[in-house]
K.L.:
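This is the structure I have questions about; it appears just below.
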Amino acid sequence: MASSCVQQLCRRSTSHLRSKTSCVTLLYSTHVQNHVAGVRTADKTNAGGDLIIHGNNSIFHASQTRQQVGVCYYSGYNASPLLPTEHRDTKELMSTDALSQIKDAQHLTETNARLDTDEAVYPSASEEITDKDASHTMVLSTLPSESSSLRDYVDESETLSKLVQLGVKLWKLEQRPNVGTMLLKLDFQTDVVPRLLFLKEMGVEDSGLAYILSDNPFILKEDLENLHARVNYLKSQKFSPETVASMVTRAPYLLNFSVKRLDNRLAFYQQQLGLNSSKTRGIVARLPRLLCGSLEPVKETLRVCKIELGFKENEIQHMVMLVPKLLTSNKRKLTQIFDYLHNTMKVQHHLIVKFPQVFNSRLLRIKERHLFLDYLGTAQYDSDQPNYISLDRLASLPDEAFCTEVASATLEDFIMFQKTM
């Protein structure tokens with residue numbers, strides 16, 4: 001069920017688009033006999049008509065809308081379009097402004113007022129302007145033409161402000177190439193709201209929405225039909241709706257991949273591990289990013305476990321089912337930990353298979369604790385011998401619990417021993 005917070009946010013966004021446009025009219029005249037003065041528009045954009053903001057290794061572009069008859073519409077970041085009533089009157093206003101400017105220019109010519117053809121006329125700061133002149137002049141938007149952060153534009157952009165309200169980390173997104181440009185081009189009502197509702201209907205929690213968009217803003221550009229097709233495919237593979245929502249939350253890029261790619265990934269793990277479909281689903285559900293990343297590191301890990309470390313196929317299956325993260329472990333870390341366990345601590349393969357969680361630990365932690373136990377004369381890892389210490393307790397317990405429950409020593413003794421290393 002969609003929470004009231006997100007529902008209200010979407011309703012407000014759907015019903016109320018804010019207009020953030022402002023315009024400025026700049027008039028100049030050329031001193032050409034029997035000809036009226038030309039009208040020139042002035043803006044603060046680059047040659048391509050885009051407002052450019054330089055971020056950290058990124059350039060953000062905000063679109064601007066221009067009119068060529070004496071009026072320049074200077075829009076801020078992702079500014080909303082003109083309201084319908086204003087839009088209907090645009091042509092009439094432009095026509096009136098143009099005629100008025102031509103008459104003013106003729107008057108200047110008749111009174112021999114000479115103007116530089118390459119410069120716009122700016123009124124003096126102390127010069128009093130008439131109501132007629134004031135009606136043709138509007139203050140430019142206060143948006144800076146350059147900024148190192150998107151935060152300067154949050155108040156002027158509905159999309160950015162709503163994303164901030166949802167908890168999206170804009171500081172994280174603006175550091176990625178092209179993401180700032182993409183966000184500024186999105187319309188909150190047509191681009192963001194439908195995908196937020198889609199995620200909510202899937203069962204994604206409110207906190208999950210912010211995490212997904214902060215990590216994968218590109219989902220806002222994905223076609224809704226494709227998103228529905230990918231969710232339906234996962235459900236057809238007997239993933240429950242709750243599991244699919246959890247998988248998408250923990251692996252935000254999951255729905256960016258086609259049905260064909262998702263199907264190929266599932267088939268790969270089933271074939272490589274020699275598991276049935278049910279056990280394969282269990283592994284993927286626990287570590288959904290397996291469907292997102294490259295398969296080459298996984299192939300290398302399986303090769304190392306089988307050839308270099310000497311584990312049998314059924315042992316690898318057992319370890320992966322207990323700790324799916326083993327498939328994405330660093331090859332160097334795997335070999336270093338195994339070498340220390342097997343060759344220094346003399347732990348046999350079958351005991352390592354029983355506690356594969358040890359590969360998630362740090363090698364330094366294992367070394368410190370083993371050497372401390374060896375110093376105390378209690379380093380016993382053979383399950384057939386008395387005072388047996390399991391690898392799970394050795395690697396996973398906090399220091400204080402390890403000292404009291406495993407080493408039968410004080411934490412102060414362990415700290416003093418660490419200083420001697």
Side-chain angles (χ1 to χ4, degrees), residues 1-3 6-7 10 163 166-168 173 179 182 186 190-299 301-302 316-329:
M1 179 186 302
S3 69
V6 175
Q7 288 177 339
C10 293
L163 290 178
L166 285 172
V168 177
L173 296 178
V179 172
M182 183 196 74
L186 294 178
T190 59
D191 298 322
V192 181
V193 171
R195 287 153 185 83
L196 289 178
L197 294 176
F198 165 78
L199 293 172
K200 288 297 297 179
E201 290 170 0
M202 276 181 52
V204 177
E205 299 294 333
D206 289 351
S207 58
L209 294 176
Y211 177 77
I212 291 172
L213 296 182
S214 297
D215 197 63
N216 176 27
F218 302 106
I219 197 172
L220 298 176
K221 297 290 288 183
E222 288 290 330
D223 185 78
L224 281 173
E225 291 185 5
N226 290 336
L227 294 176
H228 281 288
R230 293 159 192 171
V231 170
N232 291 335
Y233 166 76
L234 293 174
K235 291 179 179 178
S236 72
Q237 297 299 308
K238 298 184 179 180
F239 289 99
S240 67
E242 296 77 15
T243 300
V244 173
S246 175
M247 290 170 63
V248 172
T249 302
R250 289 180 290 124
Y253 278 92
L254 181 62
L255 295 183
N256 285 52
F257 300 111
S258 67
V259 170
K260 182 178 180 180
R261 174 173 172 139
L262 295 176
D263 187 64
N264 289 337
R265 289 293 193 278
L266 287 173
F268 168 82
Y269 290 111
Q270 185 170 353
Q271 293 171 3
Q272 291 291 319
L273 299 174
L275 300 174
N276 58 34
S277 58
S278 176
K279 291 181 179 179
T280 303
R281 279 198 305 272
I283 292 174
V284 171
R286 293 175 59 191
L287 192 66
R289 61 189 176 92
L290 288 173
L291 299 178
C292 303
S294 172
L295 296 180
E296 291 306 316
V298 177
K299 292 178 182 178
T301 297
L302 292 175
I316 296 175
Q317 290 176 352
H318 181 77
M319 289 192 296
V320 169
M321 288 177 62
L322 288 177
V323 185
K325 190 179 178 182
L326 186 65
L327 290 171
T328 59
S329 295

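Just the heavy atoms: all of them, side chains too, but no hydrogens, waters or symmetry mates, feed the values below. In what follows, residues are counted from 1 in the order of the sequence shown.
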K.L.:
Do the non-hydrogen side-chain atoms of Arg250 and Leu287 ever get within less than 4.5 Å of each other?
P.N.:
no

K.L.:
Between the side chain of Arg261 and the main-chain N/O of Asn256, is any donor-acceptor distance below 3.5 Å?
P.N.:
no

K.L.:
Is there side-chain contact between Leu322 and Met319, with at least one heavy-atom pair below 4.5 Å?
P.N.:
no

K.L.:
Is the shortest side-chain heavy-atom distance between Tyr269 and Val320 below 4.5 Å?
P.N.:
no

K.L.:
How about Leu295 and Asn264: do any of their side-chain heavy atoms sit closer than 4.5 Å?
P.N.:
no

K.L.:
Where is the tightest heavy-atom contact between Arg265 and Leu290, given as atom of each residue plus distance?
P.N.:
CD-O, 4.2 Å

K.L.:
Is it true that Lys221 and Asp191 make a salt bridge, defined as a side-chain N closer than 4.0 Å to a carboxylate O?
P.N.:
no

K.L.:
With sequence neighbours left out, what residues match Glu205 under side chain to side chain donor-acceptor pair (under 3.5 Å)?
P.N.:
none

K.L.:
Would you call the rings of Phe218 and Tyr253 parallel, tilted or perpendicular if under 30° counts as parallel and over 60° as perpendicular?
P.N.:
tilted

K.L.:
Quick check: does any side chain N or O of Arg230 sit under 3.5 Å from a backbone N or O of Leu254, one acting as donor and the other as acceptor?
P.N.:
no

K.L.:
Is the backbone N or O of Tyr211 less than 3.5 Å from a side-chain atom of Asp215, with the two atoms forming a donor-acceptor pair by type?
P.N.:
no

K.L.:
Would you say Thr301's side chain and Pro297's backbone share a donor-acceptor pair under 3.5 angstrom?
P.N.:
yes

K.L.:
Indicate the atoms forming the closest heavy-atom contact of Ile219 with Arg195, along with that distance.
P.N.:
O-CD, 3.4 Å

K.L.:
Examine distances only and state if a side-chain atom of Ser246 and a backbone atom of Thr243 form a donor-acceptor pair shorter than 3.5 Å.
P.N.:
no

K.L.:
Testing the basics here: between Ala210 and Val168, what is the closest heavy-atom pair and its distance to 0.1 Å?
P.N.:
CB-N, 4.1 Å

K.L.:
Are Arg289 and Thr328 side-chain neighbours, meaning at least one heavy-atom pair lies under 4.5 Å?
P.N.:
yes

K.L.:
Spell out, as yes or no, whether a donor-acceptor pair under 3.5 Å connects the side chain of Asn216 to the backbone of Ile212.
P.N.:
no

K.L.:
Provide the closest heavy-atom pair for Val244 versus Lys235 in the form atom of the first, atom of the second, distance.
P.N.:
CG2-CG, 4.3 Å

K.L.:
With the side chain counted from C-beta on, respond yes when Leu291 and Phe268 share a heavy-atom pair under 4.5 Å apart, and no when they do not.
P.N.:
no

K.L.:
Are any of the side-chain heavy atoms of Leu275 and Met321 separated by less than 4.5 Å?
P.N.:
yes

K.L.:
State, yes or no, whether a side-chain contact exists between Leu199 and Leu227 at a heavy-atom distance under 4.5 Å.
P.N.:
no

